[in-house]
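The model shown is predicted, which means the values in this text are computed figures rather than measured ones. Here is the naming used below: chain letters follow the sequence lines, and residue numbers restart at 1 for every chain.
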Protein chains: 2
Amino acid sequence: MQRMTRQRQSIADMLAATSDFKSAQQLHDLLRERGEPAGLATVYRTLQNLADAGELDVLRTEDGEMLFRQCERGEHHHHLVCRSCGKTVEIDGPTVEDWATRVGRAHGFSSIEHTIELFGTCEECAARPASS
Amino acid sequence: MQRMTRQRQSIADMLAATSDFKSAQQLHDLLRERGEPAGLATVYRTLQNLADAGELDVLRTEDGEMLFRQCERGEHHHHLVCRSCGKTVEIDGPTVEDWATRVGRAHGFSSIEHTIELFGTCEECAARPASS
DNA sequence: CAAACTATTGATAATGGATCTCATGAACGC
DNA sequence: GCGTTCATGAGATCCATTATCAATAGTTTG
């Protein structure tokens with residue numbers, strides 16, 4: 001049975017409140033700062049569960065760290081992520097979807113899936129010299 | 001100065017001989033089996049160098065492991081990878097490249113990079129019931 | 001060819017994200 | 001409340017990758 005605990009509630013709230021991709025560690029820190037601490041293991045577990053349930057989108061940074069985000073739309077879409085602050089824009093690209101399956105088929109591949117993520121520096125971070 | 005050592009030669013040969021994406025660990029094992037062992041650190045370092053020099057393409061598996069492959073073309077391109085046998089086809093998509101930067105700019109992002117990989121089942125693997 | 005110079009190697013330690021362990025604590029049905 | 005059972009979390013563990021650094025081996029030079 002699935003129980004609603006204070007930690008799960010906090011994590012869910014946190015995710016609902018932000019619109020950026022965050023790592024488990026970041027969430028762990030944010031929760032502590034907010035005075036609603038949760039064990040790191042719990043954060044990881046909860047994120048895993050939510051991701052499995054399809055309630056979170058997951059992606060990996062260049063250095064392999066997992067980032068999570070609660071997305072507005074449930075349907076398939078992609079992301080434009082600021083590599084310095086995590087700011088995220090949801091993108092859909094019918095053009096690209098078509099291109100992907102078309103190219104796949106052309107080479108005799110079936111059950112085609114694709115990974116498409118865009119990374120860049122958002123306006124604010126580009127303006128700022130270099131801080132956190 | 002860049003020196004040509006036995007290890008580097010072996011690793012380069014190994015990469016030239018295969019057409020599939022391989023992990024550092026796999027290459028390390030293959031080299032040992034072949035009787036041309038190289039330290040794991042050396043394998044990682046060499047792969048890193050080659051990748052930095054743009055002579056290798058890198059991608060990450062779902063569980064975050066890095067895979068390397070020597071691609072025919074030096075220019076930017078993407079891959080269509082068979083998820084069951086690793087067969088890889090090099091893809092280029094001018095359409096997609098444009099789309100990526102266009103979308104990025106439209107949202108005020110700069111220094112835009114993108115990750116686009118296609119996964120599917122190749123003809124041979126689709127025909128075969130289920131083996132390795 | 002040998003000495004000297006220095007890039008490279010590699011066994012091993014260190015890192016760091018993610019997962020596992022398991023005794024303790026908290027949800028919730030009754 | 002009570003008890004059953006799931007959840008928590010501090011710390012151990014895993015595993016890919018990177019750093020350390022003394023020993024080794026390309027290269028150059030005399």
Side-chain angles (χ1 to χ4, degrees), chain A residues 1-15 20-53 55-69 81 83-84 86 115 117 119 132, chain B residues 1-15 20-53 55-69 81 86 115 117:
Chain A
M1 179 213 311
Q2 187 75 313
R3 292 179 185 171
M4 182 47 64
T5 64
R6 176 184 62 72
Q7 292 86 340
R8 284 182 183 164
Q9 192 60 60
S10 297
I11 294 170
D13 289 351
M14 193 91 245
L15 286 164
D20 303 344
F21 270 98
K22 295 251 189 295
S23 70
Q25 313 264 1
Q26 284 179 308
L27 287 167
H28 176 253
D29 291 348
L30 289 170
L31 288 168
R32 191 158 41 67
E33 288 172 16
R34 192 194 241 198
E36 302 176 9
L40 191 52
T42 300
V43 175
Y44 272 108
R45 258 185 314 239
T46 304
L47 290 173
Q48 192 63 61
N49 291 342
L50 291 173
D52 288 349
E55 299 187 28
L56 289 184
D57 277 9
V58 189
L59 61 80
R60 277 182 189 274
T61 58
E62 250 169 88
D63 52 309
E65 193 177 21
M66 296 176 78
L67 300 183
F68 304 82
R69 177 175 192 267
V81 186
R83 65 168 72 82
S84 105
T115 301
E117 301 297 343
F119 297 94
S132 61
Chain B
M1 180 209 311
Q2 187 75 314
R3 293 178 184 171
M4 181 47 63
T5 64
R6 176 184 63 71
Q7 292 87 339
R8 284 183 182 164
Q9 192 60 61
S10 296
I11 293 170
D13 290 351
M14 192 92 245
L15 285 165
D20 302 344
F21 273 98
K22 296 245 187 298
S23 70
Q25 313 265 0
Q26 284 178 309
L27 287 166
H28 176 253
D29 291 348
L30 288 170
L31 287 167
R32 192 158 41 69
E33 287 171 17
R34 193 194 240 198
E36 302 177 8
L40 192 52
T42 301
V43 175
Y44 273 108
R45 257 185 315 238
T46 305
L47 290 173
Q48 191 63 60
N49 290 343
L50 290 172
D52 288 350
E55 299 187 28
L56 289 184
D57 276 10
V58 189
L59 62 79
R60 278 183 189 274
T61 60
E62 232 170 287
D63 53 308
E65 193 177 20
M66 296 177 79
L67 301 183
F68 303 83
R69 177 175 191 268
V81 185
T115 301
E117 301 296 344

List the atom of [X], the atom of [Y], and the distance in Å for their closest heavy-atom pair.
X: A:R34; Y: A:S10; value: NH1-O, 4.3 Å
X: B:G39; Y: B:H28; value: C-CD2, 4.0 Å
X: A:T61; Y: B:R60; value: O-NE, 4.2 Å
X: A:V81; Y: A:G86; value: CG1-O, 4.1 Å
X: B:Q26; Y: B:F21; value: OE1-O, 4.2 Å

- Query: Do A:Q25 and A:D29 get their side chains close enough for a donor-acceptor pair, meaning under 3.5 Å?
  - Reply: no
Each nucleotide of nucleotides 23-30 of chain D classed B (base within 4.0 Å of a protein heavy atom), S (only sugar-phosphate) or -, in 5' to 3' order, makes --BBS---
In whole Å, I'd like the distance from the [atom1] atom of [X] to the [atom2] atom of [N].
X: A:L47; N: D:dG9; atom1: CG; atom2: P; result: 13 Å
X: B:D29; N: D:dA16; atom1: CG; atom2: P; result: 11 Å
X: B:D52; N: D:dT18; atom1: CG; atom2: P; result: 10 Å

Residues in residues 32-44 of chain A with a heavy atom under 4.0 Å of DNA chain D, by number, are A:A38, A:G39, A:A41, A:T42
Is [Y] close to [X] at the side-chain level, that is, under 4.5 Å between some pair of heavy atoms?
X: A:L47; Y: A:V58; value: no
X: B:E36; Y: B:M14; value: no
X: B:P37; Y: B:L31; value: no
X: B:T5; Y: B:T42; value: no
X: B:L30; Y: B:K22; value: yes

To the nearest 10 degrees, the angle between the two end axes of the helix from C:dC1-D:dG30 to C:dC30-D:dG1 (five pairs per end) comes to 30°
Counted 5' to 3', the first and last nucleotides of DNA chain C within 4.0 Å (strictly under) of a heavy-atom of chain B are C:dT6 to C:dA11
Residue set satisfying ring-ring contact (aromatic ring centres under 6.0 Å, His included) with A:Y44, at least two apart, ordered chain then number -> none
Sorted by chain and number, sequence neighbours left out, ring-ring contact (aromatic ring centres under 6.0 Å, His included) with B:F68 holds for none
A:R45 side chain near D:dA7 phosphate (N/O to OP1/OP2, under 4.0 Å): no
